[in-house]
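One structure is given below, represented as C-alpha cells, and several questions about it will come after.
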Amino acid sequence: MNISLGSDHAGYQLKNKIVKHLEGKGIKSKDFGTHGDASVDYPDFGHPVATDVTTGMADLGIVICGSGNGINMSVNKHKGIRSALCWNEELASLARQHNNANVLALPARFISEEMGIKIVDAFLDAEFEGGRHQRRVDKISVEG
C-alpha cells in the first residue's frame with residue numbers, strides 16, 4: 001500500500017507522527033510537506049496528494065490542516081476524490097465502508113496525536129462494502 005500525505009503548518013507535527021507510524025507498519029508513504037510551522041497555504045499541499053490518488057501513484061491519501069475543513073475542501077475539488085473529514089475512529093471506518101473514501105482529512109487542532117493515529121488505523125483497516133453503498137457513491141460526482 002502507498003499513502004500520500006500533505007499538511008499545512010497546523011498539521012505538520014501530526015503528519016510527521018503518522019509518517020513514522022506508517023513506516024513502522026511497513027506502509028510506504030510520500031510526504032508532500034509542509035515540514036515546519038511557518039504559515040503556508042493548505043491547497044499547495046493537498047492538491048499533490050489528490051493528484052497522486054487520482055493518477056494511481058497512491059492508493060490512499062491523508063491530508064491535515066488546523067480544522068481539516070480547508071484542505072478537505074481543496075482535495076474534494078479533484079474529480080474522483082472522496083475525502084472525508086474525520087475526528088474519531090468510527091467516522092473513519094464508515095467513510096471507507098459506506099462512502100469509499102480515498103482520502104482522509106484530519107483536524108490537527110481538535111484531536112490528539114494519539115487519536116490521529118487511531119483514526120488513521122481505522123481508515124486503513126476498513127474496506128468499502130459496496131452493495132447499496134455503491135449506488136450512492138456513483139451519484140456523488142456531478143458533471144458540468
Side-chain angles (χ1 to χ4, degrees), residues 1-134 136-141:
M1 180 178 289
N2 291 311
I3 309 291
S4 287
L5 299 96
S7 73
D8 71 356
H9 53 282
Y12 90 96
Q13 288 181 342
L14 176 56
K15 179 182 52 67
N16 290 344
K17 295 282 186 182
I18 292 169
V19 167
K20 288 179 184 172
H21 178 71
L22 295 174
E23 288 172 359
K25 293 180 76 162
I27 297 173
K28 295 179 183 178
S29 65
K30 184 174 183 181
D31 183 352
F32 283 101
T34 194
H35 301 289
D37 60 4
S39 182
V40 296
D41 300 330
Y42 50 79
D44 296 338
F45 304 94
H47 289 309
V49 172
T51 299
D52 255 17
V53 173
T54 59
T55 61
M57 297 298 294
D59 299 304
L60 297 169
I62 300 172
V63 294
I64 310 165
C65 72
S67 70
N69 282 310
I71 203 160
N72 187 52
M73 290 176 189
S74 296
V75 298
N76 270 320
K77 296 296 182 183
H78 291 253
K79 184 176 182 175
I81 292 296
R82 291 173 306 280
S83 180
L85 174 57
C86 300
W87 53 90
N88 65 38
E89 296 163 84
E90 184 178 12
L91 287 170
S93 291
L94 289 173
R96 293 272 290 144
Q97 293 168 352
H98 293 184
N99 309 114
N100 201 16
N102 52 14
V103 176
L104 170 64
L106 295 171
R109 291 186 175 138
F110 296 90
I111 59 173
S112 67
E113 290 178 353
E114 179 181 303
M115 178 54 71
I117 297 296
K118 289 180 181 180
I119 294 168
V120 166
D121 285 343
F123 186 78
L124 298 180
D125 290 344
E127 293 184 20
F128 183 51
E129 294 176 356
R132 70 185 191 280
H133 303 294
Q134 184 64 59
R136 296 167 185 156
V137 170
D138 290 342
K139 293 180 179 182
I140 292 174
S141 291

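This chain uses plain numbering: 1 for the first residue, then up along the sequence.
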Rounded to the nearest 0.5 Å, the CD atom of Glu90 sits from the CD1 atom of Ile119 at a distance of 12.0 Å

Check whether any side-chain N or O of Asp8 sits under 3.5 Å from a backbone N or O of Ala10 as a donor-acceptor pair, and report yes or no.
-> yes

Trace of the side chain to side chain contact (heavy atoms under 4.5 Å, CB included) decision for Asn2 with Leu60 = CA-CA 7 Å; Asn2 291 311; Leu60 297 169; over 6 Å; no

Indicate the atoms forming the closest heavy-atom contact of His47 with Val75, along with that distance.
-> N-CG1, 4.5 Å

Rounded to the nearest 0.5 Å, what separation is found between the CG atom of Leu14 and the CD1 atom of Ile117?
-> 6.5 Å

Not counting sequence neighbours, which residues clear salt bridge (charged side-chain N to carboxylate O under 4.0 Å, His left out) with Lys28? List them please.
-> none

Tell me which donor-acceptor pairs under 3.5 Å the side chains of residues 63-72 have, and how far apart each pair is, sequence neighbours excluded?
unit_1 : atom_1 : unit_2 : atom_2 : d
Ser67  : OG     : Asn69  : N      : 3.1
Asn72  : OD1    : Asn76  : ND2    : 3.4
Asn72  : OD1    : Ser83  : OG     : 2.6

Taking atom CD of Glu113 as the centre, report whether more than 12 heavy atoms of other residues, nucleotides or ligands fall under 6.0 Å from it.
-> yes

Donor-acceptor under 3.5 Å (Asn102 side chain, Arg96 main chain) = no

Check the pair Asp37, Tyr12 against side chain to side chain contact (heavy atoms under 4.5 Å, CB included), reporting the backbone distance first and the verdict last.
-> CA-CA 7 Å; Asp37 60 4; Tyr12 90 96; 3.6 Å; yes

Heavy atoms only: give me the nearest Arg82-Ile140 pair and the separation to one decimal.
-> CD-CD1, 4.1 Å

Which atom pairs, donor and acceptor, lie under 3.5 Å between side-chain atoms of residues 38-45 and protein residues at least two apart or in another chain?
none

Set of side chain to side chain contact (heavy atoms under 4.5 Å, CB included) partners for Gln97, sequence neighbours left out | Ser93, Leu94, Ala126, Glu129

Do His21 and Lys25 touch side chain to side chain, with heavy atoms closer than 4.5 Å?
-> yes

Can you name the nearest heavy-atom pair linking Val49 to Gly61, along with the distance?
-> CG1-CA, 3.8 Å

Rounded to the nearest 0.5 Å, what separation is found between the CH2 atom of Trp87 and the CE atom of Met115?
-> 12.5 Å

Taking the side chain as every heavy atom from C-beta outward, state whether Val19 and Ile3 have any pair of such atoms under 4.5 Å apart.
-> no

Might you point out which heavy atoms bring Cys86 and Leu106 nearest each other, and give the distance in Å?
-> O-CD2, 3.5 Å

Looking at Met1 and Ile27, what are the two nearest heavy atoms and their distance?
-> O-CG2, 3.7 Å

Please list, chain by chain and in numerical order, all residues satisfying salt bridge (charged side-chain N to carboxylate O under 4.0 Å, His left out) with Glu114, sequence neighbours excluded.
-> Lys118

Considering all heavy atoms of both residues, which atom of Phe123 and which atom of Val103 are nearest to each other, and what is their separation?
-> CZ-C, 3.7 Å

Scan for salt bridge (charged side-chain N to carboxylate O under 4.0 Å, His left out) pairs involving residues 58-81, sequence neighbours excluded, and state none if there are none.
-> Lys79-Glu143

Would you call Lys30 and Asp52 a side-chain contact if the rule is heavy atoms closer than 4.5 Å?
-> yes

Determine, step by step, whether Asp31 and Asn16 satisfy the side chain to side chain contact (heavy atoms under 4.5 Å, CB included) criterion, reporting the C-alpha distance in whole Å, the side-chain angles of both residues, the deciding distance to 0.1 Å, and the verdict.
-> CA-CA 9 Å; Asp31 183 352; Asn16 290 344; 4.1 Å; yes

Stepwise side chain to side chain contact (heavy atoms under 4.5 Å, CB included) check, Thr51 with Val53 | CA-CA 5 Å; Thr51 299; Val53 173; over 6 Å; no

Report the relative orientation of the aromatic rings in His98 and His133; use parallel for angles under 30°, tilted for 30 to 60°, perpendicular for over 60°.
-> parallel

Counting only heavy atoms not in Met57, do more than 12 fall under 6.0 Å of its CE?
-> no

Ile111 and Asn88, any side-chain heavy atoms less than 4.5 Å apart | no

